[in-house]
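This is a predicted model, so every value here is computed, not measured.
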Amino acid sequence: MRKNRPVLVSMDIPALELSNTSIQSYPSQQWKNKFVGSASFSKEIGCNFGCISLSENLDEKAFKGFNPTTTQLLKHPLAMVALVSREAALFAAGAIAGAAAKSVTAPLDRIKLLMQTHGLRAGQEAAKKGIGFIEAFALIGKEEGIKGYWKGNLPQVIRIIPYSAVQLFAYETYKKLFQGKDGELSVIGRLAAGACAGMTSTFVTYPLDVLRLRLAVDPGYKTMSEVALNMLKEEGFASFYNGLGPSLIGIAPYIAVNFCVFDLVKKALPEKYQKRTEATLATGLISATIATLLCYPLDTVRRQMQMKGTPYMTIFDAFPGIVARDGIVGLYRGFVPNALKTLPNSSIRLTTFDTVKRLLARSEEEFQKIMEENRRQKAE
């Protein structure tokens, strides 16, 4: 028998009378303000009212007694997910989705990096020639074989695990920070949350990104540790953060636009489509396309600033330098393979994250149902 049972207490309210004045005649917001904020509400509209409150206090031991048993969890496996902390579940989902997406699209990423940095690596005479998608694809296969398309993927996978986890978790955290008093999040709030999440994850994992680039474009390096030791010896610790400025400037609008458009487009869909996986994937493609078109030039600037021996010290040097050498099209070198890589990559990550959030909500509901059932049984 449960010790703490709900108790209903009632008492007479003298002179309680029904009023002929209709509360419906008051506009909803005005009624709310009067009802909540004014003690003279009853006098003003001529209506007394009473309130009955039902509460139940449970001590911690009693609450734990309602937890599902092993048998119940085996019968309802979805409820097991609720035993894992929300943060840990989101971290695992982001890590797995990010690693899988990066591995699948690694060849396109390698081609994009070669196209972006070819002029700088080839020397001034070849700088104006550039390199095309087919040429870069053939060059990797000829010089390095099939494995060459995945060169540098390990540090990218290592990097994407904390990167995805930090970014997605930070986005949810920043959304709560920027939401209004009514709990709603404005477009500006969404953009700010996305920008802050992008910069946070970029700063935390930036050295791994630099190592991945050096390993991917320099045929003299074989391992990530070799690259790191050589950078420390020849260029110092600061070299791990070369190009951080344009990276932060570039990722902030990209993630802001990507996440904001994703949330708004998905919210605008009819309710019956919002929970469908294909609709989420399509929404992710739309948001990633818009964000990539707007922010790609900053990515090219960042890559060229990360190169050893780069002549660019600031983004103000890099932009005019690239345009002078390659024209405006130089800012979009590698855009096609990047788009082919980024669009499915972003869709997979956002879709997985959205699916996990729905799964967490369903698992919590299932867990609560079992606990409620246990509570009813103990009350009998």
Side-chain angles (χ1 to χ4, degrees), residues 56 58 60 62-101 160-179 182-185 189-190 193-194 197 201 258-288 344-379:
E56 178 181 6
L58 297 173
E60 189 176 349
F63 181 79
K64 286 183 178 179
F66 304 140
N67 285 337
T69 63
T70 302
T71 303
Q72 288 176 317
L73 289 174
L74 291 175
K75 186 181 293 186
H76 304 277
L78 184 60
M80 293 183 187
V81 180
L83 297 175
V84 181
S85 70
R86 186 179 182 83
E87 292 79 8
L90 293 178
F91 179 92
I96 294 171
I160 204 62
I161 291 176
Y163 180 82
S164 293
V166 171
Q167 189 178 93
L168 296 174
F169 177 72
Y171 182 57
E172 292 298 305
T173 303
Y174 285 125
K175 280 201 299 185
K176 294 178 182 177
L177 181 64
F178 289 115
Q179 69 184 11
D182 57 355
E184 292 295 322
L185 193 63
R190 292 181 191 278
S201 56
N258 194 3
F259 283 8
C260 181
V261 172
F262 179 82
D263 282 349
L264 293 177
V265 172
K266 196 165 188 303
K267 190 176 180 181
L269 291 174
E271 190 173 349
K272 64 178 180 179
Y273 294 113
Q274 289 183 5
K275 295 182 179 181
R276 297 182 63 170
T277 303
E278 57 269 31
T280 305
L281 282 169
T283 302
L285 283 172
I286 293 170
S287 62
N345 192 315
S346 180
S347 295
I348 291 170
R349 289 179 64 240
L350 289 174
T351 300
T352 302
F353 186 57
D354 199 59
T355 301
V356 169
K357 286 202 297 184
R358 292 201 303 268
L359 181 65
L360 288 174
R362 287 173 53 196
S363 68
E364 288 169 1
E365 290 175 5
E366 193 77 15
F367 195 87
Q368 290 298 326
K369 286 180 181 178
I370 298 174
M371 289 183 65
E372 187 62 34
E373 182 182 340
N374 291 344
R375 290 174 65 179
R376 285 197 300 267
Q377 290 178 353
K378 285 199 173 187

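Not a single donor-acceptor pair under 3.5 Å links the side chain of Gln167 to the backbone N or O of Ser201.
Separation of atoms CD (Glu366) and CE (Met371) is listed at 13.5 Å; rounding is to 0.5 Å. Interatomic distance, Gln274 CD to Leu269 CG, rounded to the nearest 0.5 Å: 6.0 Å. How far OG1 of Thr173 is from CG of Leu177: 9.0 Å, rounded to the nearest 0.5 Å. Interatomic distance, OG1 of Thr69 versus CD1 of Ile370, reported as 8.0 Å (0.5 Å rounding).
Residues that satisfy the side-chain contact (heavy atoms from CB on, under 4.5 Å) test with Ala170, not counting sequence neighbours, are Tyr174, Ala197. Checked against salt bridge (Lys or Arg N to Asp or Glu O under 4.0 Å), Lys267 has the following partners two or more places apart in sequence or in another chain: Glu184. Legend: residues meeting salt bridge (Lys or Arg N to Asp or Glu O under 4.0 Å) with Arg349, ordered by chain and number and at least two apart, are absent. Applying the side chain to side chain donor-acceptor pair (under 3.5 Å) test to Glu172 and every residue at least two apart in sequence or in another chain returns Lys175, Lys357. For Lys266, the salt bridge (Lys or Arg N to Asp or Glu O under 4.0 Å) partners are Asp354, not counting sequence neighbours. Residues satisfying the side chain to side chain donor-acceptor pair (under 3.5 Å) test with Thr280, not counting sequence neighbours, are none. Partners of Leu359 under the side-chain contact (heavy atoms from CB on, under 4.5 Å) rule, at least two apart in sequence or in another chain, are Leu78. Residues satisfying the ring pair (Phe, Tyr, Trp, His ring centres under 6.0 Å) test with Tyr171, not counting sequence neighbours, are Phe259. With sequence neighbours excluded, the residues satisfying side-chain contact (heavy atoms from CB on, under 4.5 Å) with Ala88 are Val84, Ser85. Residues passing the side chain to side chain donor-acceptor pair (under 3.5 Å) test with Thr283, sequence neighbours excluded: none. Judged as a side chain to side chain donor-acceptor pair (under 3.5 Å), and not counting sequence neighbours, the contacts of Glu278 are Arg276. Every residue meeting the side-chain contact (heavy atoms from CB on, under 4.5 Å) condition with Ile161, not counting sequence neighbours, appears here in chain and number order: Phe91, Ala95.
Between Leu73 and Ala79, the shortest heavy-atom contact is CD2-CB, 4.0 Å. The minimum heavy-atom distance linking Phe367 with Leu83 is given by the pair CE1-CD2, 3.5 Å. Of all heavy-atom pairs spanning Asn258 and Ser346, the tightest one is ND2-OG, 2.9 Å. Taking both residues in full, the closest heavy atoms of Tyr273 and Ala279 are given as O-CB, 3.2 Å, listed atom of the first, atom of the second, then distance.
By the 6.0 Å contact criterion, CZ on Arg362 is open, its count of non-hydrogen atoms from other residues, nucleotides or ligands being 12 or less.
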Discussion item. Go through it in stages, so that I can follow the logic: the residues are Leu74 and Met80, the test is side-chain contact (heavy atoms from CB on, under 4.5 Å), and I'd like the CA-CA distance, side-chain angles, deciding distance and then a yes or no.
Written reply: CA-CA 8 Å; Leu74 291 175; Met80 293 183 187; 3.8 Å; yes
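Between Ser287 and Val265, every side-chain heavy-atom pair lies at or beyond the 4.5 Å cut-off. Side-chain contact between Glu364 and Val81 is absent, with no heavy-atom pair separated by less than 4.5 Å. A heavy-atom distance below 4.5 Å is not found between the side chains of Pro68 and His76.
One finds no salt bridge joining Glu372 and Lys369 here, because no Lys/Arg side-chain nitrogen approaches an Asp/Glu carboxylate oxygen to under 4.0 Å.
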